Amino acid sequence: MKSNSLLEDLVDLKPARVRFAPSPTGHMHLGSARTALYNYLLAKKTGGKFILRIEDTDQKRYVPGAEQELIDGLRWLGLEYDEGPDIGGPYGPYRQTDRKAIYDEYIQKLIDKGSAYPCFCTPERLAAVREEQMKNKVQPRYDGHCRGMDPGGAQKRVDSGEKHVIRFRMPKEGKTTVSDHLRGEITVDNTTLDDSVLIKSDGWPTYHFAAMVDDHLMEITHVFRGSEWLGTFPLHANIIRAFGWQEPVWVHLSVFLKPSGKGKMSKREKEDAIKDGYSIFVTGMSELGFIPEGLNNWTALMGWGAGETEDVLTLSEMIDKFDIDKLNASPAAINFARLDHFNGEHIRRLEAWDLAKRIRPYLEREGLVVDEGKLQMIIPIIRERLVTLDDCVPFAAWFFKEVATPPAEELLPKGMAAQQVKQMGAEVLEILKGLPSFSHSTVEEPMRKYIEEKQLSPNQVFGFLRVAISGQKVSPPLFESMEIVGRDTVLARVARAVDSL
RNA sequence: GGCCCCAUCGUCUAGUGGACUAGGACGCAACCCUUUCAAGGUUAUGACCAGGAUUCGAAUUCCUGUGGGGUCACCA
């Protein structure tokens, strides 16, 4: 519920305890990155705590290495957490599989209160019931077979080791009203709610139970989660109310849609994204040359109206501006072109030494031996040309390796014959050789003078030199490049080009 | 299909009854700058889903429809 009463503003500014609670079942998705970011921003904004909790109660879906990837992803994004499985904290443990005793204790409390009950129905019976319901066009729901069982008798069967689950005893009458910070109040008829499973027959809790218990015990004040939880929101509220606990502020974030805006990313779109040089996973993004500053900025603004004008924001500016009242409830289509824009902007804002450090791996990945001094000199002439870090390869790789003699057709500027170019090259070479010093400023002037004398266009002379020296039609600015590769290399490559014509 | 959520330029968004001739950003187009590619600068195109209702006045409130999304597990 949007509110700007003074009282609620003050409440919002109390230090928040927020958590990012992923399950280690695969790669870290862009949507997760945004959820983590919003959590982080609110924690920093209010001077609160950002917590990482691993929700790994489903061993069937457990993916080895996924937890580490999550942690690495968070660190890479710059979203340091204050409490988590690998660093500990006063509310631990932070991995749900390490909290089994806690869930056992709390489910017993719920059973004792009469708000939960053991259910001995077999999966086969449940499937049959569901099938029958579907056939009769009624909504598939648990039929309450074990709901009315005598607690003492049920307990005996449990004690004897009979296989069972624990279900929530959902109120059968009335309505449940829940409140989402972005959407206001949502009221549903309790008849539409189900007696959901809280503890599975393997003894582990479901999300519904574990997350509610943990959020309470960890004193979570705000829950950011995807809108896919809206359907089970009333269930969660009822569980919390059955315990008599206080609810956190709920913020259900909208989902990311595929670029067309029609539906969420499918397998097909994920493959298309890869083909286009993008990814919907955080780790993929870093390999593709995106930087955390750019990625954070991009995801932050999908679902958040940060301001009227300035869109390029650093993490600390985001903390400054962050406001959960400004979050948007409508779904947002992924727009990779916008990511390019933010990434380029943030690359240009990096300190030269920082950019050099970040670019180096992409060059080395190409098998190049990168000289630090040279790299430093290259930064100023390529930085505004980079959209992603790996764009440095086409612009800068040639500085660090031998380049093959370009084919004649590449060497010839438009509308010039080979003989003419050969002569031009020879003349230019002579001028270059005669220069007392060799820097971008001492080279440019004589070159321009030559162009004027010969009534040539800059394109003709510079184009030839560019290809002769870099081996490419596109390069960073010519004279700065010449200075960096050095006089000897320039002379040798120009001479070689002239000879080849 | 039931239930729930959402609805402003192609996309992300600003907008909380009059300051809206609806603002910004990305993209697209044009021009300027220019040795290539960029970056930068200037300009242009471009939207309140539809219909009712409330009101002196609606992008903003309400209703209906339509469209889109989510969810209906012993997954999270």
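Here is how names work: the chains are called A, B, and so on, in the same order as the sequence lines, proteins then strands, and each is numbered from 1. Note that this is a predicted model, so its numbers are computed, not measured.
Among the atoms of the strands shown, only primed sugar atoms or phosphate atoms (P, OP1, OP2) are found under 4.0 Å from some heavy atom of A/Ile186. Residue A/Phe342 is classed as having no contact, given no heavy-atom separation below 4.0 Å to the nucleic acid. Residue contacts for A/Gly305: at a heavy-atom cut-off of 4.0 Å it reaches the sugar-phosphate backbone alone, with no base atom in range. Using a 4.0 Å heavy-atom cutoff across all strands shown, A/Gly303 reaches sugar-phosphate atoms only and no base atom. A/Ser227 comes within 4.0 angstrom of the backbone, heavy atoms only, and of no base.
Under the 30°/60° scheme for interplanar angles, the aromatic rings of A/Phe233 and A/His252 are found to be tilted. In this pair, A/His29 and A/Phe281 present their aromatic rings perpendicular. The plane angle is above 60°, beyond the 30 to 60° band. Taking the six-membered ring where the residue is Trp, A/His222 and A/Phe224 present parallel rings, their angle staying beneath 30° rather than reaching 60°.
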Would you tabulate the pairs of protein nitrogen or oxygen atoms and nucleotide nitrogen or oxygen atoms of nucleotides 6-11 of chain B closer than 3.5 angstrom?
| unit_1 | atom_1 | unit_2 | atom_2 | d |
| --- | --- | --- | --- | --- |
| B/rU11 | O2' | A/Asn335 | ND2 | 3.4 |

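A/Asp180 places its CG atom 20 Å from the P atom of B/rC3, with the value rounded to the nearest Å. Atom CG in A/Leu253 sits roughly 15 Å away from atom P in B/rG70 (whole-Å rounding). Regarding A/His341, its NE2 atom lies at a distance of 12 Å from the P atom of B/rC28, rounded to whole Å. Between the CH2 atom of A/Trp204 and the P atom of B/rA76 there is a distance of 12 Å, rounded to whole Å. Rounded to whole Å, the distance from CG on A/Asp189 to C1' on B/rG2 is 12 Å. To the nearest angstrom, C1' of B/rA25 lies 14 Å from CH2 of A/Trp304. A/Leu327 has its CG atom 15 Å from the C1' atom of B/rC5, to the nearest Å.
At a threshold of 4.0 Å, the pair A/Glu345-A/Arg349 counts as salt-bridged, since one of the basic side-chain nitrogens sits closer than that to a carboxylate oxygen.
Residue A/Glu453 qualifies as enclosed at atom CD: its count of foreign heavy atoms under 6.0 Å is above 12. A 6.0 Å sphere centred on CD of A/Gln59 holds more than 12 heavy atoms belonging to other residues, nucleotides or ligands. For CD of A/Glu131, the number of neighbouring non-hydrogen atoms (other residues, nucleotides, ligands) closer than 6.0 Å is 12 at most.
Closest approach to the A/Val255 side chain among B/rA76, B/rC26, B/rG69 is made by B/rG69 (side chain taken as heavy atoms from C-beta onward). Considering only side-chain atoms of A/Gln139, the nucleotide from B/rC72, B/rA25, B/rG70 that sits closest is B/rC72.
The partner of B/rC3 is B/rG70, judged by Watson-Crick or G-U wobble contacts that both fall below 3.5 Å. Nucleotide B/rU16 forms no Watson-Crick or G-U wobble pair with any nucleotide shown, as no partner meets the under 3.5 Å limit on both distances. Across every strand in view, B/rA50 sits in a pair with B/rU64 that passes the Watson-Crick or G-U test at under 3.5 angstrom. When both pairing distances are held under 3.5 Å, B/rC31 makes a Watson-Crick or G-U pair with B/rG41. Within the shown strands, B/rU11 is the pairing partner of B/rA25 under the Watson-Crick or G-U definition, both distances less than 3.5 Å.
Within the 4.0 Å cut-off from OP1 or OP2 of B/rC75, at least one side-chain nitrogen or oxygen of A/Lys200 is found. When the side-chain nitrogen and oxygen atoms of A/Lys326 are compared with OP1 and OP2 of B/rG15, one or more of them lie within a distance under 4.0 Å. Phosphate proximity of B/rG1 to A/Lys137: absent, as no side-chain N or O sits under 4.0 Å from OP1 or OP2. Under 4.0 angstrom from either OP1 or OP2 of B/rC72 there lies no side-chain N or O belonging to A/Arg130.
Counted by atom type alone, A/Asn238 and A/Thr176 present one or more donor-acceptor pairs between their side chains at under 3.5 Å. For the 3.5 Å distance criterion, the side chains of A/Asn459 and A/Ser457 fail to qualify, holding no donor opposite an acceptor. Under 3.5 Å, the side chains of A/Tyr207 and A/Asp58 contain no donor-acceptor pair of N or O atoms.
Contact detail for A/Trp304 and A/Tyr38: the closest heavy-atom pair is CB-OH, 3.4 Å.
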With B for base contact, S for sugar-phosphate-only contact and - for none (protein heavy atoms under 4.0 Å), nucleotides 37-50 of chain B reads BBSS----------

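Of the two residues near RNA chain B, A/Glu480 and A/Asp202, the one whose nearest nucleotide lies more 5' is A/Glu480.
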